[in-house]
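Note on naming: letters A, B, ... go to the chains in the order of the sequence lines (proteins, then strands), and numbering restarts at 1 for each one. Every heavy atom of this structure was used, including side-chain atoms; hydrogens, water molecules and symmetry mates were not.
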Amino acid sequence: MSQGVELRGVTMRFGDFAAVKGVELDIEGGEFFSFLGPSGCGKTTLLRLIAGFNDPTEGQVLIGGKDMRGIGPNGRPTAMIFQNLALFPLMKVWENIAFGLEVRGVSKAERRKRAEALLELIALPGQGDKQVSELSGGQKQRVAIARALAVEPQVLLLDEPLSALDLKLRQHMRQELREIQRRTGVTFIYITHDQGEALTMSDRVGVMSAGRLQQVADPQTIYEQPATPFVAGFVGENNRLLGRIGRVEGGAAVLDSAIGPLRGRLGGDLAVGAPAALFVRPERLGVQPASGTPGQGGHIPATIVSRAYEGAFLHLTAEAAGGTVLTVHLANSAGLPDLQPGAAVALIYRPEDAIILPAEAAA
Amino acid sequence: MTALYRRYGPGLTGLILALTGFWIIFLVTLPQLDMVDYSFRPNLSMSERGGPNDVYTLQNYATLADNAIHRAIFLKTIWASALVTLTTLIVCYPIAYHLAQGTTRRQAALLMLLLLIPFWINEILRTFAWWILLAYAGPLNNMLVALGLIERPIRFLSGDGGVIVGMVYAYILFMVMPIYNAIESLDRNQIEAARDLGASPWRIHWRVVIPHAKPGIAVGCIMTFMLAAGSYAVPALLGSPGSRWFTQIIYSWFFEGGNWNQGSAYAFILLLLCIGFIFGVMRLARIGLADIAK
Amino acid sequence: MIDDRFARLLTRAYLGLFFAYLFLPLAVMGAATFNESRFPTVTPWTGTTLKWFAALWADGQMWNALGTSFAVALGVICLAVPIGVAAALFLSDLHSRARSLVYGIMVSPLLTPGVIIGISTLIFWRPYGVTGGILLTVLAQASFIAAYVMLLVLARLQRFDRTLEEAALDLGATPMQAFRRVTLPFLMPAILAACLIAFLQSFENYNTTVFVRGFDTTLTVYIASKVRTGVTPALNALGLILIALTIIGAVTHELLRRRAAGRKAA
Ligand SMILES: Nc1ncnc2c1ncn2[C@@H]1O[C@H](COP(=O)(O)OP(=O)(O)OP(=O)(O)O)[C@@H](O)[C@H]1O
Ligand SMILES: [Mg+2]
């Protein structure tokens, strides 16, 4: 099993600006861990702290239990795959792959042999004598991976390595990366702002926003039980309804909103009267005629604003009382209702499908 | 500094800092300061240095104010350099424009090569070539006499005319290149559009091309003026004792008068003149230092 | 249309005149080499000869001066090129307001008259026992030629992807290895160009050299002194040879460039 990475209260400041704030995290050896977050939230900065291009202003980075402060990138058991790949343009493909061995003083014959073996692994056998500029995007990608694997790192750091590829290739490379990770057992720390990528590939995901780690969990938990309004809003689509806590009943609560009382799971430490938001996903909403009687579950009277038919799904937008706009995705399984803009309906949901979280300070 | 250290480690960073520091401190800054310091001290013998007479004084500057001949030469250097600058600008602007906008890329490359060749040959030889051409019994005089345009040969090399012609020739490239670079970045469509709107060629240049080329023109003028005012080679070869240049007076303070302090004062005045010109032009054209060194 | 044709004619005429102005003096200087006359001129033509080449060949002082010029140029390359490269690296990692100040100081020698560079160098080094001569000339010339080198290298460095250096470090290279294997090869074209420019600048320098040369004579100083005292057509022969070398160099450079461009297009 390869080594894990621990971050202890890691903060990174550039001048007055803190790009990473107090990150606490244990990444286990052999894990596939993804950082997910919007552009500029500090993902690359965090990865560079682990790689050793910078030391954190505060806190510690430990790899394999060892404090890494003062150890440069060339002294750490990590290898990075850069956002732009950073292949050496003046070296041949095999020289690129063998560069890490070259600087370790491995003989040329041995380097050549190891490079060939890695080319085999990335399905580019016999292409070692090509120039980097002669490769396609996907091939370059794989060479970058081979170059990083050549130094047998304990931890592989990948900074949005697939962002430059087209959709088809990206999907293919996701599988390959996962495959390589399984085969080598190396710890993968993967950065992306593509949530699909993070959810499908990772053992665990860490969601970041504005330098802070918002939630760390397995993909399903991230989606089903977001810990903060940011995570609820950022991962997948979500409808948000604002109000104040009306009642708390164990794990559930009632939100007093402009629409009326709304029931949902309680996702945080909230007292009666506290400002809060209820989140419910578009695919968890159902549609009833307005005349139907409100049952035990959530019930939101609304007017259809627009509809978009997409084969497998019907997308609706509806406006509820107080001007709140909600989206609904109806699966095209059993008889879609005939809904035209202007129709008065009730949107319904099961209370366990909705989650009530503290309202964001900024929102 | 920390970025440098992180990237290059102790050995290389040390080397980089040492080399850069040596250059900036010992080759550029301190020598200049030393020259200024020199210019404010009296010319003393070795034994008197550091003694009671070694005090700061303005006497070296007073010399220029008091010496009518030196003053006249100084003023002549200024206006002649300005004239050289203006002439070079007028000669070079059409060429730079033609290279940048008036011709195909291929042809421009060829003309550029032709333009560069004389400037790879050294300044002294270029000036020497003019010396031959302008000599009293030289080809130009012979031709003019043969054509009947003049009756007797002209002494081109005894006034300032020869010096000015030689300088214009010597600094052409320093004017053409920056203007060419500036005009080249002008979108050809702008010229087409102006022509389409019925603007005359003069108007196009005055309203479209010249404003765009202003930084290049400024840089060309700065370089040419500085080179002309500071030239020792051209006046030394093409001038006569009667048409001395300020640099020649500086030289004679050093190597004939043996008064380095006096020479330093004159040199500092020349430097101030050039700095003044540079800042004046930068002000006029509204450009910064980063635009100059390209 | 008439207007257009007239404009084109005017342009042609101006170009012709301009290039005549550019090359006529050089042509006259070259032609004078073959004139029998003791004085370098083309009028009157007193007979065609090659003897001035022989005279140049036999001129021991000229050979000495040439040797001095080469020694100085070599010294300048050895000093100014490393300085210029270091300064460019230093500058490109500087991001504060200090950058424009340092940049200003670094390019200031290019905006300073050559005589002043010579004078200040002469004054500054005297107390340290470095008086006029080859060493002082190297120091003086390097002080401004390093600025050319710095600008050339900086321009190339701006096109350099700095993550390549980081990638090398990340793969375990020492900073020295990363520099030698990644940064330096990328900068090489600029460094070679800088060597050439440094050589040419040093070789042709007069204004600075004349103050710091002491009793040593470089080729330009020699030519200048000859023009003023006892000019002979042997100088023209020297000029002609330098022109020929220049043209050969320029044409080769152009041909190589075209061939490289052609290969890239193919
Ligand atoms: N060297 C630096 N100096 C100053 N600010 C920096 C530096 N590096 C990053 N930042 C700032 O830190 C913040 C986080 O940057 P970072 O590159 O980590 O974002 P990111 O999450 O990787 O974004 P992206 O998805 O766009 O790559 C940004 O606001 C950026 O401007
Ligand atoms: Mg990033």
Note, [X] side chain near [Y] side chain (heavy atom, < 4.5 Å):
| X | Y | value |
| --- | --- | --- |
| B:Gln32 | C:Ile116 | yes |
| C:Ile123 | B:Phe254 | yes |
| C:Asp93 | B:Tyr5 | no |
| B:Val28 | C:Ser108 | yes |

For [X] and [Y], work out which heavy atoms get closest and say how close.
| X | Y | answer |
| --- | --- | --- |
| B:Leu133 | C:Val28 | CD1-CG2, 3.6 Å |
| C:Gly239 | B:Leu125 | CA-CD1, 3.7 Å |
| C:Ser120 | B:Pro31 | CB-O, 3.3 Å |
| C:Pro113 | B:Gly230 | CB-CA, 3.7 Å |
| C:Glu165 | B:Arg7 | OE1-CD, 2.7 Å |
| B:Leu12 | C:Pro175 | CD1-O, 3.8 Å |

Quick one: of [options], who has the most non-hydrogen atom pairs under 4.5 Å with chain B?
| options | answer |
| --- | --- |
| C:Val227, C:Leu17, C:Leu238 | C:Val227 |
| C:Tyr148, C:Phe179, C:Phe144 | C:Phe179 |
| C:Leu89, C:Leu200, C:Leu245 | C:Leu89 |
| C:Thr112, C:Leu79, C:Leu169 | C:Thr112 |
| C:Leu15, C:Thr11, C:Thr183, C:Leu154 | C:Leu15 |
| C:Val210, C:Thr41, C:Ile223, C:Val42 | C:Val210 |

Which bit of [X] comes within less than 4.5 Å of chain C, counting heavy atoms only: side chain, backbone, both or neither?
| X | value |
| --- | --- |
| B:Leu113 | side chain |
| B:Ile124 | side chain |
| B:Ile172 | side chain |
| B:Ile275 | neither |
| B:Tyr8 | both |
| B:Phe26 | both |
| B:Phe255 | side chain |
| B:Leu271 | both |
| B:Tyr38 | side chain |

Atom [atom1] of [X] with >12 non-hydrogen neighbours under 6.0 angstrom:
| X | atom1 | result |
| --- | --- | --- |
| C:Arg162 | CZ | yes |
| C:Arg38 | CZ | no |
| C:Arg99 | CZ | yes |

As an exercise, state the distance from [atom1] of [X] to [atom2] of [Y], rounded to the nearest 0.5 Å.
| X | Y | atom1 | atom2 | answer |
| --- | --- | --- | --- | --- |
| B:Met223 | C:Leu111 | CE | CG | 6.0 Å |
| B:Ile117 | C:Phe19 | CD1 | CZ | 10.0 Å |
| B:Leu27 | C:Gln141 | CG | CD | 12.0 Å |

Side chain, backbone, both or neither of [X] within contact of chain B (heavy atoms, under 4.5 Å):
| X | value |
| --- | --- |
| C:Leu235 | both |
| C:Phe18 | side chain |
| C:Ala155 | neither |
| C:Ala250 | both |
| C:Asn205 | neither |
| C:Val85 | neither |
| C:Ser92 | neither |
| C:Arg180 | neither |

query = When the ring planes of C:Trp125 and B:Phe22 are compared, do they come out parallel, tilted or perpendicular, using 30° and 60° as the limits?
reply =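 Answer is tilted, since the angle falls between 30° and 60°.
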
[Y] backbone acceptor or donor facing [X] side chain under 3.5 Å:
| X | Y | answer |
| --- | --- | --- |
| C:Asn207 | B:Ala233 | yes |
| B:Trp23 | C:Ser143 | yes |
| C:Tyr206 | B:Ser231 | no |
| C:Tyr14 | B:Val91 | yes |

message = Could you check whether C:Arg228 makes a cation-pi contact with B:Trp131, meaning its NZ or CZ is under 6.0 Å from the centre of the six-membered ring and within 45° of the ring axis?
response =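 Checked: cation-pi criterion not met.
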
ask   = What residue in B:Gly11, B:Ala109, B:Pro94, B:Gly102 has the most heavy-atom pairs under 4.5 Å with chain C?
value = B:Pro94

inquiry  = As a test of understanding, state which of B:Leu30, B:Asp37, B:Leu33, B:Thr29 forms a side chain to side chain contact (heavy atoms under 4.5 Å, CB included) with C:Phe124.
reply    = B:Leu30

